[in-house]
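Lettering follows sequence order; numbering is per chain, from 1.
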Amino acid sequence: MKARVYVTLKPSVFDPQGRVVADALVTLGYQEVQDVRQGKFFEVELAATDAVTAKARVTEMADKLLANPVIESYRVEVLP
Amino acid sequence: MKARVYVTLKPSVFDPQGRVVADALVTLGYQEVQDVRQGKFFEVELAATDAVTAKARVTEMADKLLANPVIESYRVEVLP
Amino acid sequence: MERHGIKPDEYERILELMGREPNLLELGLFSVMWSEHCSYKSSRVHLKTLPTTGPRVVQGPGENAGAVDIGNGLCAVFKIESHNHPSFIEPYQGAATGVGGIIRDIFTMGARPIALLNALRFGSLDAPLARRIFEGVVAGVGGYGNSIGIPTVGGEIVFDEMYSGNPLVNVLCLGISRIDGIVKGAAKGAGNPVFYVGAKTGRDGIHGATMASAEFDETSAEKRPAVQVGDPFMEKLLMEACLEVMKTGAVLGIQDMGAAGLSCATSEMGSRGGLGMTIDVMHVPQRETGMTPYEIMLSESQERMLLVVEKGREHEVTAVFEKWDLHAVQVGEVVEGSRLKILERGVLVADVPNRALTDEAPVYRRPMQEPSWQKAVQRLSLGDLGAPPSAQSAFDRLLTVPTIASKRWAYGQYDHSVGTNTIAQPGMSAAVVRVKGTATGLAVSVDGNGRFCYLDPYRGAMLAVAEAARNVACAGGEPIGGTNNLNFGNPERPEIMWQLGEAVRGIGEACRALGIPITGGNVSLYNETEGRAIFPTPVLGVVGLLEDATKTTTRAFKRAGAAVVLLGDNLGELGGSEYLATLHGKVAGQPPTLDLSREAAIQKLIVKLIRDGLVESAHDCSEGGLALTLAECTFDSGGIGVAVDLPEVRLKPDTTLGDTAADVASGFSRTFDVNATLFGESASRIVVSASGAQLEAVVAAAKAAGVMATVIGQTGGDRIQLSVGGTRVVDTAIADAEHVWATCIETQMGRR
Amino acid sequence: MKFAVVVFPGSNSDHDAFYAASEVIGEDAALVWHKDTDLQGADVVILPGGFAHGDYLRTGAIARFSPIMSAVKAFADRGGPVLGICNGFQVLLEAGLLPGAMVRNDRIKFVSRLVPVRVEQTDTPFTAACASTQVLHMPVAHGEGNYYADPDTLAEIEAHRQVVFRYSNAAGEVSPASNPNGSLNSIAGICNRQRNVVGLMPHPERATEAQLGSADGRVILASAVKSLASLAGR
Ligand SMILES: Nc1ncnc2c1ncn2[C@@H]1O[C@H](COP(=O)(O)OP(=O)(O)O)[C@@H](O)[C@H]1O
Ligand SMILES: [Mg+2]
């Protein structure tokens with residue numbers, strides 16, 4: 001079974017990487033770019049359980065390790 | 001208009017980040033974790049055009065800057 | 001066969017050595033082991049001519065790295081390695097894995113790595129591609145070295161169009177070991193188990209060695225899966241665990257898996273030890289499913305080691321690895337005889353005499369031919385150059401040349417203070433690191449001048465040796481050992497082979513004269529794209545010993561009112577200079593002359609002056625000549641200026657080169673004299689500063705050493721004021737000059 | 001007195017801190033393995049610089065689960081002085097022993113250079129020997145030293161005088177120009193509310209000998225010695 005955890009910086013936290021990417025895109029001629037935020041995601045391969053348990057377990061992993069609640073928020077998605 | 005670009009290492013490319021996270025999760029007691037691959041994503045805010053143009057433009061950006069075609073592949077998604 | 005890069009006559013040889021047709025796996029083994037990268041088949045006959053012995057040599061070429069005795073029962077273990085081709089394909093990972101590879105070579109010997117240096121070449125920063133490669137390479141060098149915690153303390157960077165399709169990334173690593181703690185890469189004792197430890201084997205980098213042995217063309221893109229991703233954390237674990245495990249004495253031989261991976265490690269350890277080895281690929285930890293023996297043997301996955309362990313002491317070894325969360329597994333054993341046998345689940349799938357892969361690899365005495373254009377590019381006629389710029393405008397312009405400018409943008413991304421051994425901050429001189437637990441220190445420099453070597457590879461290579469050694473001496477280090485990286489084009493072309501042969505001859509000659517044994521090195525060939533080769537670029541790394549690490553100095557002036565002394569002769573040689581290239585757009589002429597006995601004398605002299613505490617600063621003259629050297633002495637000094645008056649050099653008109661009497665009589669020629677005085681790049685020159693009684697001692701010591709010493713001026717004020725023959729020709733505020741010089745690369749990199 | 005320097009597998013300044021404490025300052029020091037659970041009776045704990053577990057995920061994220069961290073927490077709760085340097089600071093943040101978090105440097109690149117830092121507080125065990133507003137030159141070497149806390153937390157930290165070090169110029173003036181990484185309020189180091197746990201990005205242990213460019217960092221270790229001595233004398 002597969003799950004994905006998407007982690008993003010909270011909106012209030014400045015995202016230096018996103019800013020650099022946005023600047024670079026504009027200088028490359030993509031004037032329409034207004035803002036870029038960068039996030040990360042984890043594709044977790046799990047020994048098969050049911051989707052509900054998987055979601056609960058992976059949410060726990062995100063809480064404990066994959067995201068830092070001080071600066072980041074996350075979203076868990078279990079793939080069918 | 002908003003688009004997202006998901007960038008992952010190509011399957012044949014070694015992902016040390018994913019390996020370390022997977023090891024850590026197992027040590028933390030999540031024995032069911034078999035593998036983790038880490039990717040990144042960009043949320044691009046664009047001056048509104050239609051979705052088709054947006055997708056084409058953002059795909060170009062991914063090709064040129066956001067992904068490194070040598071080791072990474074990407075997927076573009078335009079949000080409604 | 002074609003796909004394996006094996007030539008028909010080589011195949012004949014394989015048949016002879018094997019006594020039968022090789023199977024696909026065996027052919028693969030020959031292919032990687034006989035590649036240029038692993039076998040040195042084109043360069044070997046030349047490398048043999050280098051001086052490799054000396055009273056201090058503990059380990060010469062042939063092992064994973066060389067070593068020289070530095071006293072106190074210790075030795076310096078060092079080597080330089082290139083990762084040019086991978087860095088073009090993927091700059092960050094190419095450079096990072098290059099750093100990882102050379103670090104492994106050092107700790108494999110049982111030495112703790114304490115410093116890294118890098119010698120880099122890129123195309124002009126005007127091109128976006130060159131900027132992207134430069135940015136990625138610097139980030140990759142830093143990314144790996146910083147994480148593992150080995151300081152990057154020095155290096156050099158040159159930008160030239162000739163490298164736009166073939167950047168060079170050469171990395172030197174220096175480590176320290178007890179002399180009696182050196183461990184070698186040889187198999188010992190039939191029956192002893194062979195262990196594998198480190199990262200799992202994946203399909204990455206298969207045929208990397210073969211790739212590094214071919215030119216780039218449009219199809220290179222298809223070879224891309226060969227890119228590897230570095231894992232500095234894994235390497236850190238391996239380094240600590242290997243150093244710890246070697247202390248147990250249970251490890252009899254150890255080798256890292258670099259180019260050609262397991263194939264290389266197993267066959268080299270076997271043939272070095274005069275024994276055979278049998279391994280079963282089933283035991284090799286694999287990252288991907290369904291890997292064939294071929295893929296497992298040829299994979300170049302990073303961060304892996306092979307060890308021969310004393311039978312009965314396996315648990316001591318595995319226990320240390322477990323402590324570091326590494327799982328060492330037995331993959332085979334050392335056997336009597338001399339064959340490398342590869343099994344797959346007990347079934348024999350390859351059986352090769354290991355020496356056939358290593359010592360008996362083909363050696364080519366490839367044809368050499370001086371290029372038809374060689375003599376022509378050595379002609380330098382002032383008449384052809386056009387009107388010379390004023391000295392002031394030439395000076396101003398040279399400060400903005402990235403090759404001359406401060407490399408702060410790069411080394412500001414390198415952790416250079418970790419390890420608490422770094423005495424000289426990067427940018428100040430040759431790198432100087434102390435050796436903890438002793439009073440001694442080591443100075444290290446890497447240098448090379450491709451332009452000089454293009455004009456005359458023999459003399460250019462000698463000049464590289466001289467410059468690296470002189471840089472080390474200017475930090476107070478007595479040169480005691482060297483390593484070299486030979487970066488050249490396609491050796492199958494006789495002109496390239498000639499360049500290589502001449503360069504090696506030059507290195508040998510200079511090293512013999514200066515008493516520097518070469519203890520190792522690396523050869524990178526096929527650095528050409530679509531038939532256009534790089535400048536022939538031998539890069540020399542020289543290590544020098546400071547008996548007292550506190551007795552060192554840097555380039556920066558230390559106080560106002562000191563006398564500025566030029567040691568050596570100012571000959572006004574403009575051939576191959578940065579001045580000619582930048583202000584006249586010409587790469588031409590003879591490179592500077594080099595009198596090796598004078599070079600040896602000036603190096604001995606400067607080491608003595610620094611040891612005796614007689615000079616306050618010392619700076620070698622190189623790119624940009626005396627003018628830029630003097631300017632650099634004022635930079636980072638806190639704004640201590642300089643005023644000098646240099647005796648004017650008179651260029652002799654050479655009518656055979658087309659200089660006319662009119663040229664000579666005209667003001668043209670007079671301006672050239674001034675510019676040659678300021679910007680000529682003659683070798684064997686050092687600018688020092690000294691005050692009071694020390695000044696007299698400096699002059700006396702120089703006289704005794706037979707080195708010309710000229711007091712050319714004084715430190716003080718806040719300007720750089722240069723006169724030639726009594727006429728002030730350059731007058732610039734330090735603040736302005738330093739700002740331009742310090743921010744030049746930053747500014748260039750700010751462009752998109 | 002005795003310093004304990006915790007060794008995570010990817011620590012790379014552990015031996016530097018050990019050397020500074022034992023050879024330079026001349027105190028007892030011990031290296032403590034991260035899988036251990038005991039601090040060997042140390043009086044001061046240092047979490048050193050490096051990349052504790054490679055730190056590909058987030059700096060210090062995995063280290064906080066190491067067995068030794070429970071002992072460090074207990075030690076800190078008892079009021080024991082704990083110093084986190086660079087990666088050690090990042091570990092303290094992840095472990096919740098200090099407030100806030102680190103993000104990438106504002107200019108993205110790794111920053112390695114000697115920087116001036118102004119001492120803001122002298123009533124912590126690691127600044128007790130400093131003069132008020134003293135400027136110390138110490139190297140920074142990090143890619144993620146951009147300190148962040150939400151506005152409320154930040155206000156609270158300032159109100160409780162928890163900012164111990166700020167990036168400044170050599171004259172001690174604080175401005176964006178002297179901020180190497182974009183840290184909020186130019187924060188280079190903070191302490192907890194009890195003031196016994198201090199974290200900073202610059203490396204005092206690399207600045208304890210003039211030969212290496214600066215000896216200014218020595219006062220940080222000397223402070224620990226001084227404050228423990230005064231505790232003992234009380
Ligand atoms: N890639 C680099 N990495 C680290 N330090 C560098 C690098 N390139 C140059 N430097 C440092 O900048 C200084 C000047 O280099 P260079 O111009 O080659 O000096 P020189 O002309 O004396 O040989 C040296 O101290 C050198 O170590
Ligand atoms: Mg140089």
Among C/Lys236, C/His416, C/Gln413, C/Met234, which residue forms the greatest number of heavy-atom pairs with chain D at distances under 4.5 Å?
-> C/Gln413
Can you say whether C/Thr422 sits under 4.5 Å from chain D via the side chain, the backbone, both, or neither, judging by heavy atoms?
-> backbone
Specify the closest pair of heavy atoms between D/Phe51 and C/Asn146, including all atoms of both residues, with the distance to one decimal.
-> CE1-O, 3.4 Å
Applied to residues 40-62 of chain D, the salt bridge (charged side-chain N to carboxylate O under 4.0 Å, His left out) test, sequence neighbours excluded, yields A/Glu72-D/Arg58, D/Arg58-D/Glu94
Side chain, backbone, both or neither: which part of C/Lys436 has an atom under 4.5 Å from a heavy atom of chain D?
-> side chain
Could you check whether the rings of C/Trp324 and D/Trp33 sit parallel, tilted or perpendicular, using 30° and 60° as the cut-offs?
-> perpendicular
Region of C/Ala549 in contact with chain D, defined by heavy-atom distances below 4.5 Å = both
Could you tell me which portion of C/Asn421 (side chain, backbone, both or neither) has an atom closer than 4.5 angstrom to a non-hydrogen atom of chain D?
-> backbone
Tell me, for C/Leu237 versus chain D, whether the close heavy atoms (under 4.5 Å) come from the side chain, the backbone, both or neither.
-> side chain
Contact origin within D/Ala52 toward chain C - heavy atom pairs under 4.5 Å | backbone
Acceptor/donor pairs from residues 15-30 of chain D side chains to any protein atom, 3.5 angstrom cut, sequence neighbours excluded:
{"from": "D/Asp16", "atom 1": "OD2", "to": "C/Gly419", "atom 2": "N", "distance (Å)": "2.7"}
{"from": "D/Ser22", "atom 1": "OG", "to": "D/Phe18", "atom 2": "O", "distance (Å)": "2.7"}
{"from": "D/Glu27", "atom 1": "OE1", "to": "D/Met1", "atom 2": "N", "distance (Å)": "3.4"}

D/Leu212 and C/Arg434: CA distance, side-chain angles, deciding distance, side-chain contact (heavy atoms from CB on, under 4.5 Å) verdict = CA-CA 9 Å; D/Leu212 305 181; C/Arg434 66 175 174 187; 3.6 Å; yes
D/Thr208, part contacting chain C, at a heavy-atom distance under 4.5 Å | neither
Minimal heavy-atom distance between C/Val418 and D/Ser13, with the atoms involved, is CG2-OG, 4.0 Å
Counting only heavy atoms closer than 4.5 Å, note whether D/His53 contacts chain C via side chain, backbone, both or neither.
-> both
